[in-house]
Amino acid sequence: MEQESLAFSSHSGASTSTATVDLEQEDLAAMENDSSPELGGDDDGVQRAAELLPMPPRQSSRYKGVVPQPNGRWGAQIYERHARVWLGTFADEEAAARAYDVAALRFRGREAVTNRAVAEGASTGELAFLVAHSKAEIVDMLRKHTYDDELQQGLRRGARAQPTPPWARELLFEKAVTPSDVGKLNRLVVPKQQAEKHFPFPLRRSTDEATGKGVLLNFEDGDGKVWRFRYSYWNSSQSYVLTKGWSRFVREKGLRPGDTVAFSRSVCGTDKHLLIDCKKMHRNMPEPGAIAAARVVKLFGVDIAGEKRPPQR
DNA sequence: ATTTGTGTTGAG
DNA sequence: TCAACACAAATG
């Protein structure tokens, strides 16, 4: 259901057939459809009648990628590798221009020349949405005039249905956890530079710490589950830390020294909440205690480990 | 009967 | 690359 096929016109088309090619993820199939241009007196000169009827000269559009249609409507098109990609027809010029802009952003990236002011034609969220879809999908949305809906729905997904899609996340930083980060200290040391750069409040080193509370921050994990940690600054060690709630996270995720925790931020228009994910260094390696537990179960045929075994993932 | 969008050309 | 123009293919 991911693959759409769009028709493209062959540039040096000697063949009279319309080439249909699949737009995959990123690439438009290259068609080297070359042959000698048809020569020879193909047709006579039967082309006079039309000239006499002064069709109101179709005025060209002031927008890039927009072309007038005979019926007064507007078409949008963009070129890719010598081939035209038709983006559909629209009632008004602006809608067509908008379609071109969207396509240009998807095909040529952030720096693409568009019709809208260079400043803000696309939010970070929209850019992410675009990149998360194939060119064919975007073109299809444009032609069906469903782009705006899909975009909104896509951005919703991040704020509503729990798991924020990968494309709606912006990585802030990662840290390989140390033994003490996953030990009994119930705290994660957040690299100072990263903390000051990415985490909410410029946590006052005396104020907030003096009161000893810091701030509570919510983090969504890969499964959409929300974790709440206390984030504060410890004067004693001159470091930023995540404390309350951290040990439970470590336990539930089975974090071990050397594993990595990644912090990112939702890129959706509104609430740019924080996200946390962990990358286990050795995927299939059972936890230290797991082996013993498994043996016990096997030996005695009793699920004595059932209660104690922490949930995986 | 209309509309879409492809074939095609020539300018930049 | 890009749009103008003509008109065949696609649609209702």
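Reminder, nothing fancy here: chain letters follow the sequence lines and each chain counts from 1.
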Point to revise | Residues A:Arg248, A:Glu252: salt bridge by 4.0 Å N-O rule | key: yes
Review point. CG of A:Asn71 versus P of C:dC7: gap in Å, rounded?
Key: 17 Å
Review point. Which whole-number value in Å describes the distance from A:Arg84 CZ to C:dC5 P?
Key: 14 Å
Review point. Does A:Arg143 make a side-chain donor-acceptor contact with the base of B:dG5, cut-off 3.5 Å?
Key: no
**Study point:** Residues A:Arg116 and A:Glu126 bridged, charged N to O under 4.0 Å
**Key:** no
Review point. Do the charged groups of A:Asp221 and A:Lys253 touch, with an N to O distance under 4.0 Å?
Key: yes
Practice item. Using the ring pair (Phe, Tyr, Trp, His ring centres under 6.0 Å) rule, pick out the option among A:Phe199, A:Phe263, A:Trp246 that qualifies with A:Phe229. Key: A:Trp246
Check your understanding: Taking atom types as they are modelled, is there a donor-acceptor pair under 3.5 Å from the base of B:dG5 to the side chain of A:Gln69?
Key -> yes
Check your understanding: Are A:Ile78 and A:Ile138 linked, directly or through other ILVMFWY residues, by side chains that come within less than 4.5 angstrom of each other?
Key -> yes
Point to revise | A:Gln77 CD to B:dT9 P, straight-line distance once rounded to whole Å | key: 16 Å
Exercise for review: Among the candidates C:dA3, C:dA4, C:dT1, find the nucleotide nearest to the side-chain atoms of A:Pro68.
Suggested key: C:dA4
Check your understanding: Hey, is the side chain of A:Tyr79 pairing donor to acceptor with the base of C:dA3 inside 3.5 Å?
Key -> yes
Exercise for review: Return the value, rounded to whole Å, for the distance between atom OH of A:Tyr63 and atom P of C:dT1.
Suggested key: 24 Å
Review point. Using a cut-off of less than 4.0 Å, is there contact between a side-chain N or O of A:Arg73 and OP1 or OP2 of B:dT2?
Key: no
Exercise for review: Answer yes or no: does a side-chain N or O of A:Thr89 lie under 4.0 Å from OP1 or OP2 of B:dT3?
Suggested key: no
Under 3.5 Å, which N/O atoms of the protein pair with N/O atoms of nucleotides 10-12 of chain C?
none

Exercise for review: Side chain of A:Trp86 only, please: which of B:dT6, C:dA4, C:dC2 is the nearest?
Suggested key: B:dT6
Check your understanding: In chain order, what residues pass the side-chain hydrogen bond (donor to acceptor under 3.5 Å, both in side chains) check against A:Asp101, with sequence neighbours excluded?
Key -> A:Asn115
Check your understanding: Between A:Arg187 and A:Asp181, is there a salt bridge with N-O shorter than 4.0 Å?
Key -> yes
Practice item. Rounded off to whole Å, could you give me the CG-to-P distance for the A:Leu142 and B:dT4 pair? Key: 15 Å
Check your understanding: Expressed in angstrom and rounded to an integer, what is the separation of A:Trp74 atom CH2 from B:dG5 atom C1'?
Key -> 16 Å
